[in-house]
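Atoms within a ligand are numbered from 1 in the order they appear, just like the ligands themselves.
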Amino acid sequence: MSNDILVVGSIALDSIKTPFGEIKEALGGSATYSAYAASFFNPVRLVGVVGEDFPKEHIELLSKRGIQTEGLQITKGRTFRWQGSYEYDLNEAHTLATELNVFETFRPKIPPAYQNSDYVFLANIDPELQLSVLEQVKSPKLVACDTMNLWIKLKPEALKNVIKRVDFLFINEGEARMFAETSSLIRAGRHLQSWGPKYVIIKKGEHGALMFGQNSFFATPAFPLEEVYDPTGAGDTFAGGFMGYLAKQGGDISEPTLRRAVVFGSVMASFTVEKFSLNRLKDLTPEQLEGRVLMLKELSHF
Ligand code: AMP
């Protein structure tokens with residue numbers, strides 16, 4: 001087996017409007033953010049698809065961080081595009097348009113050399129594709145997945161089949177309520193857990209995160225930021241940072257390690273939201289990350 005993290009998900013060109021600015025066709029996608037975040041801690045193998053129009057410099061950016069891109073398929077057609085907007089409540093993304101393009105015919109093909117990955121992160125994509133990844137990997141140590149409202153609405157049964165088979169389910173608060181059909185987040189967390197995942201991690205944007213374990217519960221605030229510029233990718237960064245941190249600890253899932261993984265993921269996301277696309281993560285140093293983790297520890301300790 002290999003202690004690398006396999007990340008499968010979307011690689012996108014995002015056009016985004018927030019109350020503070022606008023950007024067109026910037027590098028985005030669930031797998032992009034999570035692979036980039038995880039690479040701060042551990043080697044990462046990326047699997048996804050882009051079109052022939054995908055700028056080479058984006059692939060170079062990923063390679064420069066050491067992300068292995070042999071599993072990145074470049075096929076005929078246009079790259080997946082997502083258009084979203086946010087109002088002053090930055091916790092809720094409004095999808096304006098989704099252009100599947102090369103995603104329409106994408107079937108993840110996990111290269112033989114990647115099938116032995118110890119850690120697997122199924123970033124947000126069609127749950128049927130997530131299932132096909134699970135069919136191709138050999139006994140990973142830890143598997144996590146993320147999802148979104150679209151799949152809860154369109155493919156709830158396939159999604160349930162995915163989450164049954166994962167150790168960690170990442171889901172944001174609105175989606176947790178919607179999927180579990182309850183207004184109480186505590187009930188929602190427990191209910192989702194009863195469908196199979198060992199841990200459910202509910203992301204609450206600027207209000208932090210909750211982790212539900214077998215016999216445990218953990219709540220962390222978010223790092224308090226005065227200025228959030230664009231929340232896109234925060235959830236993916238969170239999950240990527242979390243998986244990266246766990247992999248770096250050799251897959252230890254003792255309660256203290258899991259709690260630290262949640263905090264590292266959450267703090268990592270606090271950098272992503274400070275600029276558009278991966279622009280802030282590009283300049284992030286391990287010292288800056290540690291610095292914010294220590295500050296968060298200080299301010300939430302009593
Ligand atoms: P989040 O971390 O939830 O903010 O994820 C944002 C990313 O999800 C964006 O960069 C989008 O490209 C990507 N995305 C949006 N819709 C979809 C979809 N239907 N399937 C896969 N990825 C998507």
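Near Gly235, meaning under 4.0 Å from one of its heavy atoms, ligand 1 places the atoms 2 (O).
The shortest contact between atom 21 (C) of ligand 1 and any protein heavy atom is with Asn124 O, 3.2 Å. Atom 12 (O) of ligand 1 has its closest protein heavy atom at Asp14 OD1, 2.7 Å. Nearest non-hydrogen protein atom to atom 16 (N) of ligand 1 is Trp82 CD1, 3.5 Å. The protein heavy-atom contact nearest to atom 6 (C) of ligand 1 is Asp236 OD2, 3.5 Å.
Ligand 1 has no nitrogen or oxygen under 3.5 angstrom from a nitrogen or oxygen of Thr98. Ligand 1 has an N or O atom lying under 3.5 Å from an N or O atom of Gly29, backbone or side chain.
Ring-plane geometry between Phe168 and Phe242 is classed as perpendicular, the angle between the planes exceeding 60 degrees on a 0 to 90 degree scale with a lower cut at 30. Using a 30° and 60° split on the angle between ring planes, His191 and Trp195 fall in the perpendicular class, above 60°.
Judged by the shortest distance from any of its heavy atoms, Phe80 lies inside the 4.0 Å radius around the atoms of ligand 1.
No option in Asn91, Thr232, Thr18 other than Thr232 meets the side chain to side chain donor-acceptor pair (under 3.5 Å) test with Tyr86.
Between the side chains of Arg45 and Ser117, at least one donor N or O sits under 3.5 Å from an acceptor N or O.
For atom 22 (N) of ligand 1, the choice among Ser10, Ala239, Ala123, Ser34 with the nearest heavy atom turns out to be Ser10.
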